[in-house]
Amino acid sequence: MSKVITPRAQDYSKWYNDIVVEAGLADHSAVRGCMVIKPHGYGIWEKIQQTLDKMFKDTGHVNAYFPLFIPKSLFEAEEKNAEGFAKECAVVTHYRLKNDPEHPGKLMVDPNAKLEEELVVRPTSEAIIWNTYRSWINSYRDLPILVNQWANVVRWEMRTRLFLRTAEFLWQEGHTAHATKEEAIEETRKMLGVYADFAENWLAVPVIRGVKTESERFAGADDTYCIEALMQDGKALQAGTSHFLGQNFAKAFDVKFAGQDGKLDYVWATSWGVSTRLMGALIMSHSDDNGLVIPPKLAPLQVVIVPIYKGMEGLQKVADAVAPMIEALKKQGVSVKFDDRDNQRPGWKFAEYELKGIPMRIAVGERDLTTGTVEVARRDTLSKEVVKMEDVVDYVVKTLDDIQSNLFHRAKARMEEKTMKVDTYEDFKRLLDEQPGFILAHWDGTAETEEKIKEETKATIRCIPLDAVEEEGKCIYSGKSSARRVLFARAY
RNA sequence: CGGGGUGUAGCGUAGUCCGGUCAUCGCGCCUGCUUUGGGAGCAGGAGGUCGCAAGUUCGAAUCUUGCCACCCCGACCA
């Protein structure tokens, strides 16, 4: 077991923090609620970005970039959106500092440099983007607009957690404009599908696709679709959202287009995003008490080769022996590193790479050179196998695939095991405490009931699953009739 | 915003109640030798505005006052 990671059973929350910090993913910074994403963490984020970016391009989207600052007057234009985010906005009021006459060597805000109009640091970019779209759109021929941006946003959260909720975070936000409601809804659902595909086939995190209830909806949306994942401790994590924005922003920013019939109408909109929070989902889905576990498809480094030797000549012998293997692995598209650092011993390196979640490790000693074998270990099961040198490339390629799918199936089995159908409020409350997880239960569809349940149990309706089957039932809280089960959980 | 906690070397810490060769120990770092198949051993060495500011005192990591920062729990949360 790791010397630096708190075991999950002892303190899950501390375990999570330890993984993030000790695996070198991120650190707390000098700024409250803001983190430094370190190279290892950023390397994973870059993989996430590259993969998603290609998926967006493949579905017809292009990238653009809009300003970090939004004039307050624009920000407040879409009332619900503004109201929803107002409580957590950072605001720029001045544009200059000057020397503080009372405290030599210190600076102060220059009171003469007050901005005419305050600038809101974007918590999300609908306002600035829709204000821009007004000038991009005149006719149905200008539609659809399928734009994505990779950016940072700021939300002044009261309480933050590394990756899961930080005051500043990195994300992508897609903002599309359409001529018809149907097309916009189709786009909303299509992007939800992209997210679900990415979550399951790259992050190896199984998700439930669904629609948010009215009270959980994005501020300014007509409908919010989401993917919900379940972490090892039985708490839910919203992993991505895709919003059908109706004509709300088009109306707020007066974005109209002339149709084929010459009539003017407001444009239909969507927006969708995933953030560095996905890192949190990745960490909490797969990692163990030894450290991080990275799905091979997103690992910046997939295979590490650790030499075991005596003296520099011994190291050289091993290096010569593995050189062809490294070349062959690279040819297969496997990222591989030969760790020839002489200042750490093999055992130390083993522990280190396990902590960092590298999917596979190959140990090669002088002993192996005589037998023509190597020892290959996989991170997900921690099992080791002796493999003939000439079979290594095939074995590694196959095993990386196997780890990827094993991680997904393991997480999926866990999610299914922790998903329960419940028909009484007593069982509901008991399960939340005794076996936390997803709970499928009947709900009468009212915001009042939803709110009461939340108050009394801290569980929220994560979503109304898209694949929910029609089923007559009675609301667990009010006893009123219900047509389908919805998904409850305590959430991050 | 409420409650709790922390701030001493790169990291983790002892010392604070009771002021006086107390700046302790471990990891890490540097040098050398021996080691290397699961976080090496020995020997030597370097490294400090004790969060910041003011005060009390012959003397402050330690006492007083004020301030700052971060973490954890809760409230809050597209």
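All values reported here derive from a predicted model rather than from experimental measurement.
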Report yes or no: does [X] contribute a side-chain atom to a donor-acceptor pair with the main-chain N or O of [Y] at less than 3.5 Å?
{"X": "A:Gln172", "Y": "A:Trp150", "result": "no"}
{"X": "A:Gln149", "Y": "A:Glu173", "result": "no"}
{"X": "A:Glu117", "Y": "A:Lys72", "result": "yes"}
{"X": "A:His286", "Y": "A:Leu203", "result": "yes"}

Could you list the donor-acceptor pairs under 3.5 angstrom formed between side-chain atoms of residues 218-226 of chain A and any protein atom two or more places apart in sequence or on another chain?
{"unit_1": "A:Asp222", "atom_1": "OD1", "unit_2": "A:Asn248", "atom_2": "ND2", "d": "2.9"}
{"unit_1": "A:Thr224", "atom_1": "OG1", "unit_2": "A:Phe218", "atom_2": "N", "d": "2.9"}
{"unit_1": "A:Thr224", "atom_1": "OG1", "unit_2": "A:His243", "atom_2": "ND1", "d": "2.9"}
{"unit_1": "A:Tyr225", "atom_1": "OH", "unit_2": "A:Arg189", "atom_2": "NE", "d": "3.2"}

What do you reckon, is NZ of A:Lys317 surrounded by more than 12 foreign heavy atoms closer than 6.0 Å?
no
May I ask you to check whether over 12 heavy atoms, not counting those of A:Gln49, lie within 6.0 Å of atom CD?
yes
Using heavy atoms and a sub-4.0 Å distance, could you list which residues of residues 233-241 of chain A are near RNA chain B? By number, please.
A:Gln238, A:Thr241
Distance between [atom1] atoms of [N] and [M] (Å, rounded):
{"N": "B:rA53", "M": "B:rA60", "atom1": "C1'", "result": "15 Å"}
{"N": "B:rU31", "M": "B:rC71", "atom1": "C1'", "result": "38 Å"}
{"N": "B:rC22", "M": "B:rG48", "atom1": "C1'", "result": "13 Å"}
{"N": "B:rG5", "M": "B:rU21", "atom1": "C1'", "result": "33 Å"}
{"N": "B:rA14", "M": "B:rC50", "atom1": "C1'", "result": "12 Å"}
{"N": "B:rA23", "M": "B:rU13", "atom1": "C1'", "result": "13 Å"}
{"N": "B:rG20", "M": "B:rC11", "atom1": "C1'", "result": "31 Å"}
{"N": "B:rC77", "M": "B:rG4", "atom1": "P", "result": "24 Å"}

Where at least one partner belongs to residues 32-42 of chain A, residue pairs that pass salt bridge (charged side-chain N to carboxylate O under 4.0 Å, His left out), sequence neighbours excluded
A:Asp27-A:Lys38
Rounded to whole Å, how long is the line connecting atom [atom1] of [X] with atom [atom2] of [N]?
{"X": "A:Glu354", "N": "B:rG39", "atom1": "CD", "atom2": "C1'", "answer": "10 Å"}
{"X": "A:Ile5", "N": "B:rG39", "atom1": "CD1", "atom2": "P", "answer": "18 Å"}
{"X": "A:Lys349", "N": "B:rA40", "atom1": "NZ", "atom2": "P", "answer": "12 Å"}
{"X": "A:Lys87", "N": "B:rA75", "atom1": "NZ", "atom2": "P", "answer": "15 Å"}
{"X": "A:Asn343", "N": "B:rC27", "atom1": "CG", "atom2": "C1'", "answer": "15 Å"}
{"X": "A:Glu157", "N": "B:rG74", "atom1": "CD", "atom2": "C1'", "answer": "15 Å"}
{"X": "A:Phe85", "N": "B:rC76", "atom1": "CZ", "atom2": "P", "answer": "18 Å"}
{"X": "A:Trp156", "N": "B:rC1", "atom1": "CH2", "atom2": "P", "answer": "12 Å"}

So A:Lys80, base contact, sugar-phosphate only, or nothing? Heavy-atom distance under 4.0 Å.
nothing
Given B:rC77, B:rG38, B:rG39, which nucleotide is nearest the side-chain atoms of A:Arg361?
B:rG38
When you check the side-chain N and O atoms of A:Arg462 and A:Thr460, is any donor under 3.5 Å from an acceptor?
yes
Would you say the side-chain atoms of A:Tyr16 and A:Asp233 include a donor-acceptor pair closer than 3.5 Å?
no
Bracket string, RNA chain B, 5' to 3' - pairs by Watson-Crick or G-U geometry under 3.5 Å, | interstrand:
(((((((..(((.......[....))).((((((.....)))))).....(((((..]....))))))))))))....
For a side chain to side chain contact (heavy atoms under 4.5 Å, CB included) with A:Val376, tell me which candidate from A:Val364, A:Thr399, A:Val387 qualifies.
A:Val387
Carefully, step by step, assess A:Trp45 and A:Phe163 under the rule ring-ring contact (aromatic ring centres under 6.0 Å, His included).
CA-CA 11 Å; A:Trp45 176 242; A:Phe163 287 118; 8.7 Å; no
Can [X] and [Y] be counted as an ion pair, charged N to O under 4.0 angstrom?
{"X": "A:Lys251", "Y": "A:Glu79", "answer": "no"}
{"X": "A:Glu352", "Y": "A:Lys356", "answer": "yes"}
{"X": "A:Arg490", "Y": "A:Asp433", "answer": "yes"}

Identify each atom pair where a protein N or O and an N or O of nucleotides 70-72 of chain B are less than 3.5 Å apart, giving names and distance.
{"unit_1": "B:rC70", "atom_1": "OP1", "unit_2": "A:Arg32", "atom_2": "N", "d": "2.5"}
{"unit_1": "B:rC71", "atom_1": "OP1", "unit_2": "A:His28", "atom_2": "ND1", "d": "3.0"}
{"unit_1": "B:rC72", "atom_1": "OP1", "unit_2": "A:Asn17", "atom_2": "ND2", "d": "3.1"}

Nucleotide-resolved protein contact map, nucleotides 30-37 of chain B, B/S/- at heavy-atom distance under 4.0 Å
-----BBB
